[in-house]
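Owing to the predicted nature of the structure, the values given are computational and were not obtained by experimental measurement. Values below: all heavy atoms of this structure, side chains included; hydrogens, waters and symmetry mates excluded. The first residue in the sequence is number 1, and the count goes up from there.
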Amino acid sequence: MKLSRLFQPRNPLFWMAMALNGLSAALAWIVHHRPLDAWASLIVGGFALSNALIGSWLVWRLLRDEPPPKQPN
């Protein structure tokens with residue numbers, strides 16, 4: 001697996017992974033910096049954890065997939 005396979009701006013999985021990982025970071029920041037009651041912290045923290053897991057799974061798929069064949073010009 002090459003890390004260069006991760007950066008694929010034409011692949012929608014790349015943008016979905018970036019959005020989910022950014023959202024999980026924002027949710028984790030909210031849980032850490034805003035005063036929430038216990039249930040709200042659990043719900044927002046659960047969303048942050050699930051977003052991080054799904055985003056990591058998408059990154060794993062990007063790294064694992066074979067590169068597309070090059071198109072002749």
W57 with M16, same ILVMFWY side-chain cluster at under 4.5 Å: yes

Counterpart residues, side-chain contact (heavy atoms from CB on, under 4.5 Å), relative to A40 (two or more places apart): L36, D37

ring-ring contact (aromatic ring centres under 6.0 Å, His included) against F47, all qualifying residues, sequence neighbours excluded: none

Hydrophobic cluster membership, L27 vs W39, 4.5 Å side-chain cutoff: no

ILVMFWY network linking W60 to M18, side-chain heavy atoms under 4.5 angstrom: yes

Those residues that, when tested against L20, pass side-chain contact (heavy atoms from CB on, under 4.5 Å) (two or more places apart): N51, I54, L58

Minimum heavy-atom distance A48-S24, with the two atoms named: O-CB, 3.3 Å

Contacts of type side-chain contact (heavy atoms from CB on, under 4.5 Å), residue V59, not counting sequence neighbours: L6, A17, N21, L63

Step-by-step side chain to side chain contact (heavy atoms under 4.5 Å, CB included) determination, L13 to Q8: CA-CA 8 Å; L13 289 179; Q8 300 179 28; over 6 Å; no

With W15 via side-chain contact (heavy atoms from CB on, under 4.5 Å) - residues at least two apart: P9

Sequence neighbours excluded, every pair satisfying side-chain hydrogen bond (donor to acceptor under 3.5 Å, both in side chains) that has a member inside residues 26-36: none

